[in-house]
K.L.:
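This is the structure, below, for whatever I ask next.
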Number of protein chains: 2
Amino acid sequence: MNDPFRALSHPIRRGIVERLAAGPATVGEATSGFGVSKPAISKHLKVLEETGVVKRVVVGRTHRLSLEPDVMSLAADWMDRQRALWERMFDVVDEYLKEDKPQ
Amino acid sequence: MNDPFRALSHPIRRGIVERLAAGPATVGEATSGFGVSKPAISKHLKVLEETGVVKRVVVGRTHRLSLEPDVMSLAADWMDRQRALWERMFDVVDEYLKEDKPQ
DNA sequence: GATATAGTTAACCTTGTGGTGAACGATCCG
DNA sequence: CGGATCGTTCACCACAAGGTTAACTATATC
């Protein structure tokens, strides 16, 4: 359960997550059209798997991928928490940023 | 407005964001106690600023930092969207992952 | 003016990240 | 069996990330 934000820090990995959010898929289905080689894809999948964002089950020669919602929730919860905080402090900001506040 | 997720991919930068979510602060206030040198902090701040997550106003010899909620919202919205999707497809998953689904 | 304080920039090093082509492993299909 | 398909691992490369120390800029303070 190793830092889901790291997993989401690359656009290709977010793309994969987006597709899997619509439902499970094989590697081919979930990763076509990103314009990189297969080894590159394989590494991105490894990151998603290591961070616990994606689960993989090998069936025949295909690998079936699915999102692991618990881990994704950790990141989503953090964002929600931050948002709740910052939305409360709009008014304070401008004042703080100008020098008018002497102390 | 360059990939807020990249900005959030490092625990120190998330720590800085957490503190700024509680209200604006100077560099010293927002970054004390992370156990790294000042140049390291300075680089993290640069990333947060380049990605648009944090705004900086130089006042005297101090730099006042504040969160840029619009950019943070982009990331938060994305997470909300994903969450809304994956929460709808719980039931389909297990079936897909087992071989029982032949076609 | 001298010194302390807030913070950055410069130069450098080590490790991680993201990409490649080539070869391989395993399964499916004729 | 022979070939096509799905996907990985291997060996390699370029460069970005994250850290350091040392030096610097600029403001504040006495």
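Please read these numbers as outputs of a predicted model, since none were measured by experiment. In what follows, chains are A, B, ... by sequence order, proteins preceding strands, each numbered from 1.
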K.L.:
Polar atoms only, N or O, under 3.5 Å: list the protein pairs with nucleotides 15-17 of chain C and their distances.
P.N.:
residue, atom, partner, partner atom, Å
dT17(C), OP1, Arg6(A), NH1, 3.0

K.L.:
Residues in side-chain contact (heavy atoms from CB on, under 4.5 Å) with Ala22(B), at least two apart?
P.N.:
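Testing Ala22(B) for side-chain contact (heavy atoms from CB on, under 4.5 Å), a comparison that skips the adjacent residues, returns none.
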K.L.:
Can you pull out the residues from residues 42-49 of chain B that lie within a 4.0 Å heavy-atom distance of DNA chain C?
P.N.:
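Only Ser42(B), Lys43(B) qualify.
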K.L.:
Could you state the CD-C1' distance from Glu50(B) to dT8(C), rounded to the nearest angstrom?
P.N.:
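So the two atoms are 14 Å apart, to the nearest Å.
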K.L.:
Using a cutoff of under 3.5 Å, can you pull out all pairs of nitrogen or oxygen atoms linking the protein to nucleotides 21-26 of chain D, with atom names and distances?
P.N.:
none

K.L.:
Test your reading of the model: is there a side-chain donor-acceptor pair from Arg14(A) to the backbone of Leu8(A), 3.5 Å cut-off?
P.N.:
yes
K.L.:
When you measure from the side chain of Ser42(A) to the backbone N and O of Pro39(A), does any donor-acceptor pair fall under 3.5 Å?
P.N.:
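Checking the backbone N and O of Pro39(A) against the side chain of Ser42(A), no donor-acceptor pair under 3.5 Å is found.
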K.L.:
Round to the nearest Å and state the distance from Glu29(B) atom CD to dT5(C) atom P.
P.N.:
16 Å
K.L.:
Under 3.5 Å, which donor-acceptor pairs link side chains of residues 74-81 of chain B to any protein atom two or more places apart or in another chain?
P.N.:
residue, atom, partner, partner atom, Å
Asp77(B), OD1, Arg83(A), NH2, 2.5
Trp78(B), NE1, Glu18(A), OE2, 2.7
Asp80(B), OD2, Arg83(A), NH1, 2.9

K.L.:
Listing request: all salt bridge (charged side-chain N to carboxylate O under 4.0 Å, His left out) pairs with a residue in residues 36-46 of chain A, at least two apart in sequence or in separate chains.
P.N.:
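Listed once each, the pairs would be none.
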K.L.:
Using modelled atom types and a 3.5 Å cut-off, is there a donor and acceptor pairing between side-chain atoms of Arg19(B) and backbone atoms of Ser32(B)?
P.N.:
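A pair under 3.5 Å: yes.
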K.L.:
Heavy atoms from C-beta onward define the side chain here; which of dG19(C), dT8(D), dG7(C) lies closest to that of Arg56(B)?
P.N.:
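That would be dG7(C).
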